[in-house]
Amino acid sequence: MKGMPDHEENMKTAVEVLSDVQSVLVSTGAGMSSESGVRTFRSENGHWREHRAEDLATPEAIRRDPKLVWEWYRERLITSDEIEPHEGYTALVELQDRLGCLTVVTQNVDGLHQKAGLTDVIELHGNLRTASCIDRCGASPVTLTASVLKELPPVCSCGAVLRPDVVLFGEALPEDALRRSLDLASSCEAMLVVGTSMVVYPAAALPILALDAGARVIEINPEETPLAMLSNVICIRSGAGVALPDLIERLRS
Ligand code: OAD
């Protein structure tokens, strides 16, 4: 928590690390969007406190009750249309400018990193911009707009139900996105891990790979996660919208 003696010490160490490296990989989860008004999955008020993942985020759920599943995704899509990136995102854009390039690997599907101006975003769990035929009929993905989602569930030109182009539980991650993330985690000099509970793999393995390869890992999360059990992780117990601008401000001066 901010105010604890460790906080200042850890902020200083994080700034030292970031001012000394060229390649930084940023790994984000739902907590990164929290201060923009997006619900997380497992924190207080998180989606999985209210719903069961099996009912909404599996291929079986879409086949069983596509309307129910799409009502949930439509609500999330409308929310993400209306939200704006907070100052933590602006701070990451400044870090990108400072370093010349910055890759963000995210589990989020809300598109906020791109909206903020981050140019190299790996979407490990897909995105909510498009939907595709559940039967893979070969039709092009459909851009998700309010009119496409007026009648639920949306259907493909072949008549089958559409499914969002997100990774559902039990599905493989996009191969290129995963390979690139693993490569970057193994080769970066520092990794910033922001707003993830570190319980969903393979995203949760990225900081472990980075640590094994000798990188410094900085975690920004108001709550403790399994990362705290690993030695050598710099834990900043604060929200992304405060900690990231604070870090970048200190880097500037
Ligand atoms: P979770 O909801 O599991 O975790 C969110 C994390 O963000 C928690 O550790 C919070 O403490 C932290 N947090 C909350 N507010 C924060 C803030 N302002 N700043 C920084 N951190 C904050 O979300 P993810 O780890 O992203 O997958 O969840 C991973 C995956 O599980 C999601 O991509 C989704 C979900 O089921 C699928 O749907 C496949």
Side-chain angles (χ1 to χ4, degrees), residues 1-2 7 10-11 14 26-62 69-70 72-73 75-77 79-80 83-92 104-113 116 121-128 163-174 177-178 181 192-208 218-229 233-247:
M1 277 295 157
K2 213 171 175 189
H7 180 79
N10 291 348
M11 283 297 285
V26 183
S27 174
T28 62
M32 179 70 201
S33 301
S34 162
E35 284 150 279
S36 285
V38 180
R39 283 172 75 180
T40 64
F41 293 93
R42 297 175 184 80
S43 313
E44 206 186 331
N45 192 37
H47 292 290
W48 300 154
R49 302 280 183 119
E50 189 185 341
H51 308 283
R52 291 177 345 138
E54 308 86 283
D55 292 337
L56 296 173
T58 62
E60 296 77 24
I62 298 207
V69 170
W70 270 109
W72 184 65
Y73 278 109
E75 188 193 315
R76 288 179 61 196
L77 186 73
T79 317
S80 62
I83 53 169
E84 292 299 325
H86 57 68
E87 285 175 15
Y89 286 95
T90 316
L92 287 183
V104 178
V105 44
T106 188
Q107 297 167 77
N108 301 347
V109 297
D110 56 30
L112 274 185
H113 296 88
V121 182
I122 302 174
E123 293 176 314
L124 260 193
H125 292 175
N127 70 79
L128 254 188
R163 52 152 297 159
D165 287 333
V166 297
V167 175
L168 299 167
F169 280 101
E171 292 185 326
L173 271 58
L178 179 60
S181 304
L192 264 174
V193 183
V194 189
T196 172
S197 55
M198 288 284 299
V199 295
V200 175
Y201 282 79
L206 298 175
I208 299 165
I218 302 163
E219 178 183 54
I220 297 179
N221 194 319
E223 304 290 332
E224 197 168 298
T225 74
L227 258 192
M229 287 186 291
V233 177
I234 305 155
C235 297
I236 297 172
R237 297 273 163 254
S238 177
V242 173
L244 285 168
D246 190 1
L247 269 181

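Just so you know, ligand 1 is whichever comes first in the structure, and atom 1 is the first atom listed for that ligand.
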Less than 3.5 Å between some nitrogen or oxygen of [X] and one of ligand 1, yes or no?
X	value
A240	yes
S197	yes
S238	no

Side-chain ion pair, E50 and R39, N-O less than 4.0 Å: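 Here E50 pairs with R39 in a salt bridge, since their nearest N and O are under 4.0 Å apart.
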Numbered atoms and elements of ligand 1 in range of [X], under 4.0 angstrom, heavy atoms:
X	answer
G195	5 (C), 6 (C), 7 (O), 20 (C), 21 (N)
A30	23 (O), 24 (P), 26 (O)
W48	35 (C), 36 (O)
E223	11 (O)
G29	26 (O)

Non-hydrogen atom of S43 closer than 4.0 Å to ligand 1: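 Yes, S43 has a heavy atom closer than 4.0 Å to ligand 1.
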Within-shell test, P222 vs ligand 1, heavy atom, strictly < 4.0 Å: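 In this structure, P222 qualifies as a contact of ligand 1 - some heavy atom is under 4.0 Å.
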Starting from [atom], find the nearest protein heavy-atom neighbour and note its residue, name and distance.
atom	result
atom 18 (N) of ligand 1	E35 OE1, 2.5 Å
atom 38 (O) of ligand 1	F169 CE1, 3.9 Å
atom 39 (C) of ligand 1	V167 O, 3.4 Å
atom 33 (O) of ligand 1	H125 ND1, 2.8 Å
atom 31 (O) of ligand 1	R42 NH1, 3.0 Å

Verify, without hydrogens or angle tests, whether [X] (side chain) and [Y] (backbone) share a donor-acceptor contact under 3.5 angstrom.
X	Y	value
T58	F169	no
R49	F41	no
E35	A240	yes

If hydrogens are left out, which of [options] has an atom nearest to [atom], that is, the closest non-hydrogen atom?
atom	options	answer
atom 13 (N) of ligand 1	G31, A57, G239	G31
atom 12 (C) of ligand 1	V200, L173, N221, V194	N221
atom 29 (C) of ligand 1	Q107, R39, H86, E224	Q107

Over 12 non-hydrogen atoms of neighbours within 6.0 angstrom of CD in E87: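 At most 12 heavy atoms, drawn from other residues, nucleotides or ligands, come within 6.0 Å of this atom.
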Donor-acceptor side-chain pairing of S43 and E223 below 3.5 angstrom: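 Judged by distance alone, the side chains do not pair up.
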Exercise: identify the closest heavy-atom pair between N127 and V166: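 That would be O-CG1, 3.3 Å.
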Shortest non-hydrogen separation from H113 to Y89 and the atoms involved: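 Here H113 and Y89 meet closest at CD2-CE2, 3.6 Å.
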